[in-house]
Engineer: 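Take a look at this one; I'll ask things after.
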Amino acid sequence: MTQYSPKSAQGDRPASPSFYKAARGIGSWLYTLDHKRIGIMYLVFVLAAFLLGGVFALLVRTELLTPGKTIVDANTYNRLFTLHGVVMVFLVIIPSIPASLGNLILPLQLGAKDVAFPRLNLASFYIYLIGACFALYSLVNGAVDTGWTFYTPYSNTTDTSVISMVLAAFILGFSSIFTGLNFIATTHSLRAPGMTFFRMPLFVWALYATSVIQILATPVLAITLLLLLAERVLKVGIFDPAMGGDAVLFQHFFWFYSHPAVYIMIVPGFGVVSELITTFSRKPIFGYRAIAMSSIGIAIIGFLVWGHHMFTAGQSEIAGMIFSFLTFLVAIPTAIKVLNWTATMYRGSIVLRTPMWYAIGFLYLFTVGGLTGMYLATAGTDVHLHDTYFVVAHFHFVMMGGTMFAFLGGLHYWWPKITGRMYNETLGSFACLVAFIGFNMTFLTQFVLGAQGMPRRYYNYLDQFQPLHAFSSVGSYVLGLGFLLSAVCLLGTLFKKSDAPDNPWEGTTLEWQTASPPPLENFHDQPAVNAGPYDR
Amino acid sequence: MAIMGREYHHAHHFPSARAEADAAKLGMWTFLATEVLMFSGLFMAYTAYRSTHAEMFKAAHQLLDWRLGGLNTLVLILSSLTMALGVRSAQQNKREQSAFYLVVTLLCAGAFLVVKYFEYTHKIHLGLLPGGYYTYNGPEFAGIDSPHIFFGIYFLLTGLHGFHVLFGMIAITWILLRTTRGDFSSKYYTPVELVGLYWHLVDLIWIYLFPLLYLVG
């Protein structure tokens with residue numbers, strides 16, 4: 001148990017007001033340097049973008065109910081799946097856990113008053129908003145039909161508004177870099193006295209590993225997108241085969257960022273799940289160091305596997321074999337995590353609250369997503385499965401079943417801390433169950449579709465695929481309903497009185513040892529730490 | 001000796017001024033790492049095309065003037081020296097000296113951009129432009145395949161670097177103003193040091209660009 005005890009430390013002094021009450025008015029939000037307020041503003045926009053991306057997804061699935069035209073024409077369909085991808089990847093998943101939950105919780109878990117560079121933190125939020133504006137501009141100005149991967153030479157020749165969308169991704173990248181930079185400096189310089197690196201909560205470790213990937217990978221995306229802009233504006237031609245350039249070079253550039261980027265998306269989820277499982281098993285986490293180090297391991301190996309996206313793009317056989325082998329290596333640190341989580345649950349006193357349901361859902365969905373990744377890492381199998389719905393299903397199991405389930409689990413877990421309000425446990429758990437069923441209906445089906453040869457991103461398909469497509473679309477409505485229910489469950493609490501205790505889940509990390517919601521400076525007195533984060 | 005400049009108080013969320021300065025430096029080094037990685041993308045493009053078009057690179061680089069490139073290299077190395085001296089003077093509480101060195105650094109940066117301007121104008125005049133705008137058809141390229149790729153990479157690399165020089169000048173102007181206002185002393189000179197780190201990186205990148213572009217042969 002950590003040494004900090006708010007009651008004894010505070011003595012008879014009056015409690016400080018919560019950070020909501022510390023200042024009032026719209027200016028107190030727009031110019032705030034408080035990491036908690038910035039985290040909340042991120043949360044609002046991430047959730048709004050999630051809704052937008054979700055609507056695009058439902059439109060895509062509705063169009064696919066029947067072969068041929070169902071609701072939109074082929075060109076609109078191409079724009080819809082592109083917008084779904086761009087919004088979900090760049091506006092939702094990448095900032096979801098780090099920028100919103102991370103901003104809110106990281107300083108609290110470290111026992112710090114704020115992040116290292118509060119002004120940079122606010123700047124990164126506004127950069128995110130500017131990026132979002134460019135994306136919206138692109139959306140109303142003809143949208144984009146290249147897919148979220150912007151592959152050349154098509155992205156170089158299409159007359160949709162690629163430039164503003166690429167600028168949006170470029171700008172959003174800077175927001176991501178600055179958040180990562182801030183978290184690295186915060187973790188190094190603002191840990192509470194006595195909190196060594198191996199006494200940091202695993203959520204902090206995961207955010208740290210994520211930040212390292214953000215710092216190392218995102219600049220390469222920046223230059224890739226700049227090159228793509230130069231292709232379109234200056235006609236440089238280095239990605240254009242007609243001008244002596246090489247289109248596959250773009251794929252190398254793009255995946256050198258975008259494969260590590262999937263770890264930017266999933267590793268914070270690992271951190272959240274580590275917190276949830278240890279808290280709701282009422283047991284210190286099993287294999288703390290192994291989980292912490294495996295995040296770093298994934299961060300490193302993740303940089304060496306980008307070629308597995310290009311098994312069919314004409315790279316040499318030896319390169320394919322090396323990339324295939326390296327991709328298999330990622331399974332080791334990932335399996336270490338999953339096995340340690342299950343070992344933590346073994347003989348724990350499991351309390352089945354909503355966040356734990358999400359964590360258990362995550363374990364199943366992420367394991368399926370991870371294992372199907374092995375099929376795709378096998379160069380031979382991938383030739384068959386490349387660019388089919390199998391890839392779509394795999395990706396959604398990891399990104400949606402993994403990251404978004406972890407995000408929602410974390411959101412429910414920290415909701416009382418953030419808002420000071422408890423949500424309805426029954427409704428929360430029920431929403432999780434509905435989302436879980438809907439998710440499996442939608443995406444398990446797509447594994448089958450993909451294995452049968454249904455290519456991804458196609459507008460039309462053979463009649464034989466229709467039953468599975470229709471089933472998948474119905475599943476997506478169930479999934480949407482599940483998320484709607486959890487939104488009702490969480491947002492409904494905003495209309496009632498503050499009722500959350502400081503530590504509703506019997507958590508052991510520092511954020512549970514201050515008020516819900518915390519005061520402006522997070523803790524009354526500087527907390528000190530003399531034991532591991534999960535010692536009970 | 002009396003401490004010049006205003007009293008500096010570190011931000012309240014840091015335990016000490018030292019911790020604040022260390023965090024700021026760590027942040028800057030991390031940022032410099034992202035800069036290196038951003039340029040590394042262009043260096044990769046350079047490497048890829050140089051390995052497939054070695055003869056073309058050799059022929060194309062002869063159209064760059066190594067004397068002007070060399071002059072710019074000397075100018076930037078000098079500016080790195082004056083920047084380092086500027087930081088040192090700030091650390092030693094010598095405000096006027098520090099301001100003087102910063103002004104010299106600014107002048108060097110300006111000189112670099114002026115030379116670059118003349119180089120660019122000459123290229124544009126000849127039609128040695130990226131990709132689709134390339135029009136030059138001199139005897140150097142008889143039997144040589146796609147020289148426009150070299151100039152595409154040349155303009156991207158030097159252009160991105162030029163933007164960094166420009167941004168560096170803005171940053172130096174900012175700390176120069178703060179120096180003359182008396183913000184810095186031996187107790188607090190973090191911004192001067194950070195801008196210095198950034199400026200050294202900008203110089204360092206040019207030191208790689210110069211041989212790679214001008215001295216390929």
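All chains are named by letter (A, B, ...) in the order of the sequence lines, taking the proteins before the strands, and each is independently numbered beginning at 1.
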Engineer: Can you say whether A:Leu190 sits under 4.5 Å from chain B via the side chain, the backbone, both, or neither, judging by heavy atoms?
Structural biologist: side chain
Engineer: Heavy-atom cut-off 4.5 Å, strictly under: side chain, backbone, both or neither for A:Val212 against chain B?
Structural biologist: neither
Engineer: Which region of A:Ile238, side chain (C-beta onward) or backbone (N, CA, C, O), has a non-hydrogen atom less than 4.5 Å from a non-hydrogen atom of chain B, or is it both or neither?
Structural biologist: both
Engineer: With only heavy atoms counted, which part of A:Ala230 is less than 4.5 Å from chain B, the side chain, the backbone, both or neither?
Structural biologist: side chain
Engineer: Does a side chain donor of either B:His161 or B:Tyr208 reach within less than 3.5 Å of an acceptor in the other side chain?
Structural biologist: no
Engineer: Go through the side-chain N and O atoms of A:Thr179 and A:Ser124 and say whether any donor and acceptor fall under 3.5 Å apart.
Structural biologist: yes
Engineer: Heavy-atom pairs under 4.5 Å with chain A: which of B:Ile153, B:Thr52, B:Leu26 has the most?
Structural biologist: B:Leu26
Engineer: With a 4.5 angstrom heavy-atom cut-off, could you sort out which part of A:Leu120 is near chain B: side chain, backbone, both or neither?
Structural biologist: neither
Engineer: Determine whether the side chains of B:Ser79 and B:Trp199 contain a donor N or O and an acceptor N or O closer than 3.5 Å.
Structural biologist: yes
Engineer: Please confirm whether B:Phe57 and B:Tyr46 have ring centers closer than 6.0 angstrom.
Structural biologist: yes
Engineer: Is it the backbone or the side chain of B:Phe14 that comes under 4.5 Å from a heavy atom of chain A, or both, or neither?
Structural biologist: both
Engineer: Examine whether an atom of B:Leu42 lies under 4.5 Å from a heavy atom of chain A, and if so say whether it belongs to the side chain, the backbone or both; otherwise answer neither.
Structural biologist: both
Engineer: Under a 4.5 Å heavy-atom cut-off, does chain B meet the side chain of A:Glu521, its backbone, both or neither?
Structural biologist: side chain
Engineer: Select one option (side chain, backbone, both, neither) describing which atoms of A:Asp246 are under 4.5 Å from chain B's heavy atoms.
Structural biologist: both
Engineer: Check each atom of B:Ala48 against the heavy atoms of chain A and say whether the ones under 4.5 Å are side chain, backbone, both or neither.
Structural biologist: side chain
Engineer: Measure distances from B:Leu37 to the heavy atoms of chain A and classify the residue's part below 4.5 Å as side chain, backbone, both or neither.
Structural biologist: both
Engineer: Using 0.5 Å steps for rounding, measure from the CD atom of B:Gln92 to the OG atom of B:Ser98.
Structural biologist: 10.0 Å
Engineer: Any chance the side chains of B:Thr73 and B:Trp206 put a donor and an acceptor closer than 3.5 Å?
Structural biologist: yes
Engineer: Does the pair B:Glu119 and B:Lys116 meet the rule for a salt bridge (charged side-chain N to carboxylate O under 4.0 Å, His left out), with working shown?
Structural biologist: CA-CA 5 Å; B:Glu119 283 191 83; B:Lys116 209 75 225 149; 3.2 Å; yes
Engineer: Please rank A:Asp114, A:Val220, A:Ile215 by heavy-atom pairs under 4.5 Å with chain B and give me the top one.
Structural biologist: A:Ile215
Engineer: Give a yes-or-no answer on whether the side chains of A:Lys36 and A:Asn522 include a donor-acceptor pair shorter than 3.5 Å.
Structural biologist: yes
Engineer: By a 4.5 Å heavy-atom criterion (distance strictly below it), what part of A:Leu221 contacts chain B: side chain, backbone, both, or neither?
Structural biologist: neither
Engineer: Do B:Ile207 and B:Ile77 come close enough that some side-chain heavy atom pair is under 4.5 Å?
Structural biologist: yes
Engineer: Given a strict heavy-atom distance threshold of 4.5 Å, which part of A:Phe256 is in contact with chain B: side chain, backbone, both, or neither?
Structural biologist: neither
Engineer: Fit a plane to each ring of A:His259 and A:Tyr263, take the angle between them on a 0 to 90° scale, and name the class: parallel (under 30°), tilted (30 to 60°) or perpendicular (over 60°).
Structural biologist: perpendicular
Engineer: B:Leu129 versus chain A, heavy atoms under 4.5 Å apart: side chain, backbone, both or neither?
Structural biologist: neither
